Amino acid sequence: MNKAANLDPQADPQTAAPVQAGDKDAPLKEDIRLLGRLLGDVLRNQEGEAVFDVVETIRQTAVRFRREDDPQAGEELTTLLKKLTREETNSVVRAFSYFSHLANIAEDQHHVRRRRAHQLAGSKAQPASVAYALARLQDAGVGREQVKAFLREALISPVLTAHPTEVQRKSILDAEHDIARLLAERDLPLTPKERAHNLMLLQARVATLWQTRMLRYEKLTVADEIENALSYYRTTFLRELPAMYDDIEDELQAELGDATYLQMGSWIGGDRDGNPNVNAGTMQRALVRHATTIFDFYLDEVHALGAELSTSTLLVPADAALEALAAASPDTSPHRADEPYRRALIGIYARLASTARLLGATNPLRKEVGHADAYGGPAELQAELQVLADSLANNHGAILVKPRLAGLLRAVAIFGFHLASLDMRQSSDIHERVLAELFKGAGVEANYAGLDEAAKVKLLLAEIAHPRLLTTPYAAYSDETQSELGVLRAAREIRQRYGARAIRNYIISHTETVSDLLEVLLLQKETGLLRPGDKECDVMVIPLFETIPDLQRASEIMGEWMAIPGVKELIEHQGRLQEVMLGYSDSNKDGGFLTSNWELYQAELKLVKVFEQAGVKLRLFHGRGGTVGRGGGPSYDAILAQPPGTVNGQIRLTEQGEIISSKFSNPEIGRRNLELLVAATLEAGLMPHGVDPVQVARLAEYEKVMAELSERAYRAYRNLVYETPGFTDYFFAATPIAEIAELNLGSRPASRKSTRRIEDLRAIPWGFSWGQCRLLLPGWYGFGAAVSGWLGEDEGKREERLALLQEMFRQWPFFATLLSNMDMVLAKTDLPIAGRYAELVPDVELRERIFKRIAAEYGATLRCLEQVTGAAYRLASNPLLARSIQNRFAYLDPLNHLQVELIQRHRALSQDPEQIDVRVHRGIHLSINGVAAGLRNTG
């Protein structure tokens, strides 16, 4: 056997059984073997036999340490790692990191392969598909007309957000896309020569990966994050989103016209909360780059259509409207006198090019034939394209619409000239400071911040109704106030240039009172976005409820908000619709996994009731992260697990970090994930909810139990994280949080304030750090204490109580999804690896005391989960994911061990600034990226 093949963990009999005949996952295993062998060949060729041998020895020793819990293997591993030179260390880290990336590519391709196999076999509609949702709805008595009406009014919006660990270079993304394409090609019937050529290209692309710098080593900027997100539009969204619309219309056997029920959103460039690098300039840059991306796409598609639609009026007539459009074209070539579609498209291209320049987009690669006036908006472009479509349909050319023109028409309806709606977000305390300055400067109120809530509300309402402004061009304002006003003025200009959908939401972090909402209304009035006389507000004010206390007050605050007469009029103008954002991250950091999920569930139920009483439609915006602790997990299950009445065709949810890459870097998987959102929204929004008294009573019993479990879990979590002496010191020493903050992995600081308080730490690095050290504590801690305590409270009723929990798991989607997500987290949790990180804690007594406590809760959580679900091992209901995680451990474990060694070196060198080595920094950064890629949802 080629020695390099051992780089694949599946070639090791300790880590995987041999491929069995008839094994549906055999192609996946073969792909992983192939990519592992190619990576090994590249490593040996590029770095030499010695480095290859080191990598393989480290992997085998790490496997022995895991499998046999062999202390000697642990000592050998430590010795091996400490002996590595700095150059060798980074080569080894890169080797293990790249395997995680290659394994992701193989798994994505296998998902596509299995989906196609189902379709080719003529299988019935797969679960979590639109076809499956429609079949379920039909069985429940929901007709297609009701579904069509629902989709015409719906808004489903994935919102891409920046993430400090997932800004990969375009060169890496391009190479990985090529590898995915070449791997997919191997499923086709190829001649021996074609197969050999394919293998050669794969080898070349893996070698390209190895020779390409994986990460950016300069400080990341918001501009970098904008470009990273836009790469997914070019790869997936621009083509797959319109194609998904077509698929759904095929399933419905009906056209939905201009319905745009799924639209893209973004925070990148507009999210100022805790990020001083976001301002009016970044917003304007984001929209210019959005426009450039969408106009490049439109121009390419129109150019391609011009080549394809060679229809001649000497052979087929054309509509008068089409002839008129052709006559208006700057193209006067006699060679195209009988080709009106081409001449019309040359005119459309010229108008698009003029519009792109007007909106600041970069110059098109292909020069237009002649000048034409810019479009006044996307509706004008859509109308001209529709002239072509109608003429073709009326003159024996309907079949020519489908290949490209139909998709372009759909894209214009979805993306407009703005591509994605950019949200603004800022913290409520900033708004308060800005208005305090404005009130004082205008002589209205000298101490606004010192007013009680009632006085604030009274003052704000009076100022909103007052025709004069607080600001004056002749006064000098602080930098903060000028920046905040500048952002809102830029938003007004952006809407005027790119359309109303370009910016339509303003999210207020840390919303705690009604005055927090009114403050943003007043700031909009100051910048022309709110016109009280017209009872119009251009940008919806959206509260974000994050902490446990905020979630508990959410319904009360929204009830007061919607009862204010002036606000009621604004909501009426918004279509009797109001959005509320719920924060999963901070509520988890505040109260732990179980309590966060329960309080979110409770808050949603209370909001539904308050909104029903007010006669206003509720749209929930779920601020989910990658980790389960931050609301992560399968989106389909999460949507179906929402309380009744909370998904009514209106839902937004954040997508970030490596989740964006795992969901949308492969076009076919991207389309599948977009379809999942629609399918889940259809089921959750239209499936009839029974009012069986027995079921209602059982649900009430389930909720009572959940409330008791939540209280116990909350106490256990708070006691560990916020009440245990030394826990903060343990966290900062036993995880890479300090390195994540120090290495400037993103444009946003890791903490809101320059302290070591966990309260001030941002939720992303909090959760991400626990994932890196393989404890993933925010995704499970407290469950064991809660369940074991509740079960043991009354020994006589223990069996009865356990049976009730088992019934809740079987019958209640919320509880089942909760446990399923926790099951996945526990499958990725690894105490021996976490123990290696604990060795970074210099205080031995502190280390042993806290790690022993965490380990005890981990054991209790495993036991309780197994008792409730009946599964003796992790991911019993998802064997493919279980095997995937198991196979990755052979590469993840060494990365973790290497990260510990690098952190030890870095912290030792940090004592003397002159000794700090950039190669150690890079090694840590590479290991962070590799572990995140291997676990796939740790952000």
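Here the structure is a predicted model, which means the values were calculated and not measured.
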Quiz item: side chain to side chain contact (heavy atoms under 4.5 Å, CB included) between Val608 and Asn648: does it pass, once the steps are laid out?
Solution: CA-CA 10 Å; Val608 167; Asn648 52 7; over 6 Å; no
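- Each of Asp271, Asn505, Asn275 was compared with Arg425 under the side-chain hydrogen bond (donor to acceptor under 3.5 Å, both in side chains) criterion, and only Asp271 meets it.
- Nearest heavy atom pair, residue Val159 against residue Arg652, reads CG2-NH1, 3.6 Å.
- Atoms NZ and CD, from Lys568 and Gln578 in turn, are 14.0 Å apart once rounded to the nearest 0.5 Å.
- You'll find the side chain of Glu437 reaches within 4.5 Å of the side chain of Tyr477, heavy atoms only.
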Quiz item: Under the side-chain hydrogen bond (donor to acceptor under 3.5 Å, both in side chains) criterion, do Thr260 and Gln263 qualify, and how do the steps go?
Solution: CA-CA 7 Å; Thr260 51; Gln263 301 174 28; 3.1 Å; yes
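- Between Asp273 and Ile430 there is no side-chain heavy-atom pair separated by less than 4.5 Å.
- Gly767 and Pro778 make their closest contact through CA-CG, 4.3 Å (heavy atoms, listed as atom of the first residue, atom of the second, distance).
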Exercise. Would you check, one step at a time, whether the test side chain to side chain contact (heavy atoms under 4.5 Å, CB included) holds for Lys609 with Gln613?
Key: CA-CA 6 Å; Lys609 186 175 181 180; Gln613 291 170 346; 3.8 Å; yes
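- With Glu604 contributing its side chain and Gln642 its backbone, the two residues share no donor-acceptor pair below 3.5 Å.
- Side-chain atoms of Ile542 and Val580, non-hydrogen and from C-beta on, never get closer than 4.5 Å to each other.
- Rounded to the nearest 0.5 angstrom, Glu536 CD and Leu529 CG are separated by 12.0 Å.
- Environment of CG in Asp452: crowded, with over 12 heavy atoms of neighbouring residues, nucleotides or ligands closer than 6.0 Å.
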Exercise. Could you please spell out the steps behind the side chain to side chain contact (heavy atoms under 4.5 Å, CB included) verdict for Leu238 and Ile294?
Key: CA-CA 8 Å; Leu238 292 178; Ile294 194 58; 3.6 Å; yes
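- Taking 4.0 Å as the cut-off between side-chain N and carboxylate O, Arg351 and Glu384 count as a salt-bridged pair.
- In this structure, Thr513 OG1 and Leu518 CG are separated by 8.5 Å, a value rounded to the nearest 0.5 Å.
- Between Phe237 and Phe415, a ring centre-to-centre spacing not shorter than 6.0 Å is recorded.
- Remark: Arg497 does not engage Glu493 in a salt bridge, criterion side-chain N to carboxylate O under 4.0 Å.
- Side-chain atoms of Thr511 come within 3.5 Å of backbone atoms of Ile508 as a donor-acceptor pair (strictly under, hydrogens ignored).
- Within the 3.5 Å criterion, the main-chain N or O of Asp479 finds no donor-acceptor partner in the side chain of Ser483.
- Listed for the Arg495 side chain is a donor-acceptor partner under 3.5 Å among the backbone atoms of Ile503.
- Across every non-hydrogen atom of Glu655 and Pro158, the tightest pair is CG-CB, 4.1 Å.
- The aromatic ring centres of Tyr261 and Tyr245 sit less than 6.0 Å apart.
- In this structure, Tyr448 has its ring center under 6.0 Å from that of Phe439.
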Practice problem: May I have the step-by-step check of salt bridge (Lys or Arg N to Asp or Glu O under 4.0 Å) for Glu145 and Lys148, ending in yes or no? | Solution: CA-CA 5 Å; Glu145 289 301 319; Lys148 287 189 288 184; 2.6 Å; yes
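- In this structure, the side chains of Gln650 and Leu577 come closer than 4.5 Å at one or more pairs of heavy atoms.
- Ile564 contributes atom CD1, which lies 8.5 Å from atom CG of Leu521 (distance to the nearest 0.5 angstrom).
- In this structure, Lys589 contributes its side chain and Ile758 its backbone to a donor-acceptor pair below 3.5 Å.
- Side chains of Leu618 and Leu607 form a contact here, defined as non-hydrogen atoms less than 4.5 Å apart.
- Rounding to the nearest 0.5 angstrom, the gap separating the CD atom in Glu579 from the CZ atom in Arg504 is 9.5 Å.
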Self-check item: Verdict with reasoning, Glu572 to Arg576, per salt bridge (Lys or Arg N to Asp or Glu O under 4.0 Å)
Solution: CA-CA 5 Å; Glu572 189 73 34; Arg576 299 194 66 75; 2.2 Å; yes
Practice problem: Could you check Arg272 against Glu484 for salt bridge (Lys or Arg N to Asp or Glu O under 4.0 Å), going step by step and ending with a plain yes or no? | Solution: CA-CA 10 Å; Arg272 311 192 304 289; Glu484 291 301 306; 2.6 Å; yes
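- For the residue pair Asp258 and Gln382, a side-chain donor N or O sits within less than 3.5 Å of a side-chain acceptor on the partner.
- Tyr233 is listed as a side-chain neighbour of Leu160, based on a closest heavy-atom distance under 4.5 Å.
- Using a 4.0 Å cut-off between charged side-chain N and carboxylate O, Glu556 and Lys606 make no salt bridge.
- For the atom pair His573 NE2 and Leu570 CG, the distance stands at 8.5 Å (nearest 0.5 Å).
- For the pair Arg289 and Glu227, the salt-bridge criterion is met [side-chain N within less than 4.0 Å of a carboxylate O].
- For His290 and Phe295, the ring centers are positioned 6.0 Å apart or more.
- The minimum heavy-atom distance between Thr527 and Leu488, with the atom names listed, is OG1-CB, 3.3 Å.
- Judged by distance alone, the side chains of His510 and Ser427 do bring a donor and an acceptor atom under 3.5 Å apart.
- Glu463 has a carboxylate O that lies under 4.0 Å from a charged side-chain N of Arg468, or vice versa, which qualifies the two as a salt bridge.
- Side-chain contact annotation: Ser710 with Thr595, donor-acceptor N/O pair under 3.5 Å present.
- Of all the heavy atoms in Val539 and Tyr506, the pair that sits closest is CG1-N, 3.5 Å.
- Contact between Gln524 and Asp538 at its shortest, heavy atoms only, is OE1-N, 4.3 Å.
- Side-chain atoms of Asn279 and Thr282, non-hydrogen and from C-beta on, do get closer than 4.5 Å to each other.
- Using modelled atom types, one finds no donor on one side chain facing an acceptor on the other under 3.5 Å when comparing Ser587 with Asp590.
- Formation of a donor-acceptor pair under 3.5 Å by the Arg501 side chain with backbone atoms of Ile414 is found in this model.
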Practice problem: Carefully, step by step, assess Phe814 and Met706 under the rule side chain to side chain contact (heavy atoms under 4.5 Å, CB included). | Solution: CA-CA 10 Å; Phe814 167 78; Met706 190 65 209; 4.1 Å; yes
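- You'll find the side chain of Arg531 stays beyond 4.5 Å of the side chain of Lys525, heavy atoms only.
- Counting heavy-atom neighbours within 6.0 Å of Glu153 CD, excluding the residue itself, gives a total of 12 or less.
- Between Asn588 and Ser596, the side chains place no donor N or O within less than 3.5 Å of an acceptor N or O (distance only, hydrogens not considered).
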